[in-house]
Number of protein chains: 2
Amino acid sequence: MRIGQLAQLVGVETQTIRFYEQQGLLPPPDRQDNGYRVYTEKHGEGLAFIRRCRILGLSLAEIHELQSYQDDPHQPCTAVNALLDDHISHVRSQITALQVLEKQLVSLRASCNDDREVEACGVLAGISEGNMHQQ
Amino acid sequence: MRIGQLAQLVGVETQTIRFYEQQGLLPPPDRQDNGYRVYTEKHGEGLAFIRRCRILGLSLAEIHELQSYQDDPHQPCTAVNALLDDHISHVRSQITALQVLEKQLVSLRASCNDDREVEACGVLAGISEGNMHQQ
DNA sequence: TTAAACTATAAAGCTACTATAAGGTCAATA
DNA sequence: TATTGACCTTATAGTAGCTTTATAGTTTAA
Ligand SMILES: [Zn+2]
Ligand SMILES: [Zn+2]
Ligand SMILES: [Zn+2]
Ligand SMILES: [Zn+2]
């Protein structure tokens, strides 16, 4: 299987596959005489794993870490679970931060209607005066 | 006022100030004979405005747009308000996406306790098998 | 006088790709 | 046979918003 077929199969661009190889996330495949990469089903599974991790918001570093655990399958899986717990807390703190932000933005927006000149815009005034009490 | 003092006043690094100048967000200040930048209070206000926008999650492009409105203060402020409305909806869709993600991650995490080997880890199995139904 | 602290510019590094450039390979067609 | 088109190769640059590093000149205090 060549790189284009693998790309279509998994739904990524060919450059992304080469990029993952370069980053050490995907093992370098064999090459044909002309230099073309030849992939196996294993590569397909590996790539699909990476993509599902990315969809879950895991960084490439975190994926690399998961792969290192997979390479040593008889260790206890506490580290895997801990990685996920950490990631969940990252996501939660992002959500919290964005919710705080949304409140600030909504309250800022409420300080203006559309009938003013820029000079008197409540939004710009709010930013300029630093009315950002709610943390 | 030199760059270090301005940086300390507003709470940013000196490089960040130079970066904003380079990006056209902060007007180039006068220079001393030795080339050192000399800032006025206006620069301080401008920089503080930028930082408050950044805290609100506005991109440098959005900030630039706001500045262009400020330079033309007798236009109606509808564009300002619209920019903020857009940004609020960006933030809201980010929150929604992250909440979906959190659910997936929590359900994935629930598929494992800490008493297994990596080989049998419910988390890794969940990712590998692509059990990501809940979109 | 010398060292610390400050300033300057330019360039690279960060994340996770995406895009572009310049070229080699292969199969089918005119 | 020549050429088109689709595919592959590597290398390099761009994205956002800085941060870090390198290299060097300037000011200030001990
Ligand atoms: Zn994470
Ligand atoms: Zn307004
Ligand atoms: Zn925005
Ligand atoms: Zn587990």
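All chains are named by letter (A, B, ...) in the order of the sequence lines, taking the proteins before the strands, and each is independently numbered beginning at 1.
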Exercise for review: Determine: side-chain N/O of B:R37 to OP1/OP2 of C:dA8, distance under 4.0 Å, yes or no.
Suggested key: yes

Exercise for review: Round to the nearest Å and state the distance from A:L60 atom CG to C:dC14 atom P.
Suggested key: 13 Å

Check your understanding: Taking only N and O in the side chain of B:N34, is any of them less than 4.0 Å away from OP1 or OP2 of C:dA8?
Key -> no

Revision key, fill the gap. Among D:dC18, D:dT19, C:dC17, the one nearest any side-chain atom of B:R51 is D:dC18

Point to revise | Among D:dC18, C:dC6, C:dA8, the nucleotide that comes nearest once only the side chain of B:R2 is considered | key: C:dC6

Exercise for review: For the side chain of B:Y20, starting at C-beta, report the closest nucleotide among C:dA8, D:dT20, D:dC18.
Suggested key: D:dC18

Check your understanding: Expressed in angstrom and rounded to an integer, what is the separation of B:M1 atom CE from C:dT7 atom P?
Key -> 11 Å

**Study point:** Short side-chain N/O contact to D:dT19 OP1/OP2 from B:T16, under 4.0 Å
**Key:** yes

Practice item. Round to the nearest Å and state the distance from B:E13 atom CD to D:dC18 atom P. Key: 11 Å

Exercise for review: Grab the CG-P distance between B:L58 and D:dG17 for me, whole Å please.
Suggested key: 10 Å

Practice item. Starting at CG of A:L105, measure out to CG of B:D85 and round the result to the nearest 0.5 Å. Key: 10.0 Å

Exercise for review: Take the protein atom CD1 of A:I50 and the nucleotide atom C1' of C:dT15, then report the distance between them rounded to whole Å.
Suggested key: 15 Å

Practice item. Would you kindly compare B:A61 and A:I3 by the position of their nearest DNA chain D nucleotide and give the one closer to the 5′ end? Key: A:I3

Point to revise | Distance below 4.0 Å between B:Y36 side-chain N/O and D:dG25 OP1 or OP2 | key: no

Exercise for review: Remember a base hit wins even if backbone is also touched, and classify A:R18 as base, sugar-phosphate or nothing at under 4.0 Å, heavy atoms.
Suggested key: base

Review point. Counting only N and O atoms by type, is there a donor-acceptor contact under 3.5 Å from the side chain of A:R2 to the main-chain atoms of A:L6?
Key: no

**Study point:** Separation of C:dA5 C1' from B:Q8 CD (nearest whole Å)
**Key:** 13 Å

Exercise for review: Please tell me which of the listed nucleotides, C:dA16, C:dA19, C:dA8, lies nearest to the side chain of B:R31?
Suggested key: C:dA8

Study note, to complete from the structure: Nearest heavy-atom approach of A:S128 to B:R52 is O-NH2, 2.6 Å

Study note, to complete from the structure: To the nearest angstrom, the CG-P distance between B:L26 and D:dC18 comes to 12 Å

Check your understanding: Is the side chain of A:S111 donor-acceptor paired with the backbone N or O of A:G122 at a distance under 3.5 Å, no angle test?
Key -> yes

Review point. Can you check whether A:F49 reaches A:L66 side chain to side chain, under 4.5 Å on heavy atoms?
Key: yes

Point to revise | Whole-Å distance separating the CZ atom of A:F19 from the C1' atom of C:dC14 | key: 11 Å

